[in-house]
Amino acid sequence: MHLTHVLAVAPVTDHEAAVDWYARLLGRPADARPMPGLADWHLTDGGWLQVFADPDRAGKALINLAVTDLDTELATLAAHGIAAGAATPGKDEVRFAAVHDPSGNRVTLIERPAVG
């Protein structure tokens, strides 16, 4: 198997409300809206996030996003009206905090310092 992309999908109930929320979360509008009810953010060369209108599956996604500075990201989110849970320590200096989109999907921001 030769993969070129990995796509995370957040199924949502109110697509336009979710697109607005993810634009605030990610700091920019969607990169593409290829069809009604679908918005794509191209986060890395091979990693995309899709927000897809699917009320039957909405609220069940778990999305992890690795960030370099959790405190800065949490402050930016707060400035954009997105409240996160407290930063929680993990193993080996990893820290994480979660937010929930309007449909209840959990997006966890994970900071893992570079191993020196």
Side-chain angles (χ1 to χ4, degrees):
M1 177 183 317
H2 177 71
L3 303 175
T4 61
H5 290 79
V6 175
L7 291 79
V9 179
V12 298
T13 52
D14 182 336
H15 187 254
E16 290 309 313
V19 167
D20 175 67
W21 188 87
Y22 279 93
R24 289 185 292 126
L25 175 78
L26 299 169
R28 60 188 173 84
D31 293 302
R33 298 198 60 179
M35 62 186 221
L38 179 64
D40 290 340
W41 280 265
H42 306 163
L43 305 176
T44 66
D45 288 340
W48 295 8
L49 174 63
Q50 294 184 317
V51 173
F52 181 65
D54 187 348
D56 293 336
R57 291 186 179 91
K60 297 180 176 122
L62 302 172
I63 299 167
N64 295 330
L65 301 175
V67 299
T68 57
D69 185 337
L70 183 60
D71 295 325
T72 296
E73 298 300 340
L74 294 177
T76 300
L77 291 179
H80 289 105
I82 298 175
T88 304
K91 185 179 176 186
D92 297 329
E93 299 183 39
V94 171
R95 295 185 322 132
F96 54 92
V99 297
H100 291 85
D101 75 14
S103 293
N105 296 304
R106 184 174 73 201
V107 179
T108 302
L109 304 180
I110 303 169
E111 174 191 75
R112 182 175 182 264
V115 177

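For the numbers below, each heavy atom of this structure counts, side chains included, while hydrogens, waters and symmetry mates do not.
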Please report, to 0.1 Å, the donor-acceptor pairs under 3.5 Å made by any side chain of residues 56-67, with sequence neighbours excluded.
unit_1: Arg57; atom_1: NH1; unit_2: Asp54; atom_2: OD2; d: 2.9

Discussion item. Suppose clustering is done on Ile, Leu, Val, Met, Phe, Trp and Tyr with side-chain heavy atoms closer than 4.5 Å. Which residues sit in the same group as Met1?
Written reply: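 Grouped by the 4.5 Å side-chain rule, Leu3 form the rest of the cluster around Met1.
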
Worksheet item: With clusters built from Ile, Leu, Val, Met, Phe, Trp and Tyr whose side-chain heavy atoms come within less than 4.5 Å, directly or transitively, what are the remaining members of the cluster of Val94, listed by chain and number?
Response: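 Reading the cluster by chain and number, Val94 sits alongside Phe96, Ile110.
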
Practice prompt. Show the numbers, then the answer: is there a side chain to side chain contact (heavy atoms under 4.5 Å, CB included) between Val51 and His15?
Written response: CA-CA 7 Å; Val51 173; His15 187 254; 4.1 Å; yes

Going hydrophobic residue to hydrophobic residue with side-chain gaps under 4.5 angstrom, can you get from [X] over to [Y]?
{"X": "Ile82", "Y": "Val12", "value": "yes"}
{"X": "Trp48", "Y": "Leu25", "value": "no"}
{"X": "Val9", "Y": "Met35", "value": "yes"}

Worksheet item: Out of curiosity, Asp71 CG to Leu109 CG, how far, rounded to the nearest 0.5 Å?
Response: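 Result: 11.5 Å between the selected atoms.
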
Worksheet entry | Minimum heavy-atom distance Ala53-Pro55, with the two atoms named | C-CD, 4.0 Å

Worksheet entry | Contacts of Thr72 that satisfy side chain to side chain donor-acceptor pair (under 3.5 Å) - sequence neighbours left out |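 Thr72 satisfies side chain to side chain donor-acceptor pair (under 3.5 Å) with Asp69 only.
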
Donor-acceptor contacts, no H, no angles, side chain residues 37-45, under 3.5 Å, sequence neighbours left out:
unit_1: Asp40; atom_1: OD1; unit_2: Gln50; atom_2: NE2; d: 3.0
unit_1: Trp41; atom_1: NE1; unit_2: Arg28; atom_2: O; d: 3.0
unit_1: Trp41; atom_1: NE1; unit_2: Pro29; atom_2: O; d: 3.2
unit_1: Thr44; atom_1: OG1; unit_2: Gly46; atom_2: N; d: 3.4
unit_1: Thr44; atom_1: OG1; unit_2: Gly47; atom_2: N; d: 2.8

Discussion item. Is it the case that the side chain of Ser103 and the backbone of Thr13 share a donor-acceptor pair, with hydrogens and angles ignored and the cut-off at 3.5 Å?
Written reply: yes

Worksheet entry | Exam field: side chain Asn105 to backbone Pro11, donor-acceptor pair closer than 3.5 Å |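 Indeed, once roles are kept as given, a pair shorter than 3.5 Å links the two residues.
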
Practice prompt. Please assess Arg112 against Lys91 for the test side chain to side chain contact (heavy atoms under 4.5 Å, CB included), listing each intermediate value before the final yes or no.
Written response: CA-CA 9 Å; Arg112 182 175 182 264; Lys91 185 179 176 186; over 6 Å; no

Response to the item:
Ala87 meets the side-chain contact (heavy atoms from CB on, under 4.5 Å) criterion, sequence neighbours left out, with Leu70, Leu74, Arg95

Discussion item. Contact between Leu49 and Leu7 at the side-chain level, heavy atoms closer than 4.5 Å - yes or no?
Written reply: no

Worksheet entry | Qualifying side chain to side chain donor-acceptor pair (under 3.5 Å) pairs, either residue in residues 1-11, two or more places apart |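 Listed by first then second residue: nothing to list.
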
Listed pairs under 3.5 Å, donor-acceptor, residues 17-24 side chains, sequence neighbours left out:
unit_1: Asp20; atom_1: OD2; unit_2: Arg24; atom_2: NE; d: 3.4
unit_1: Tyr22; atom_1: OH; unit_2: Asp101; atom_2: OD2; d: 2.7
unit_1: Arg24; atom_1: NH1; unit_2: His80; atom_2: O; d: 2.7

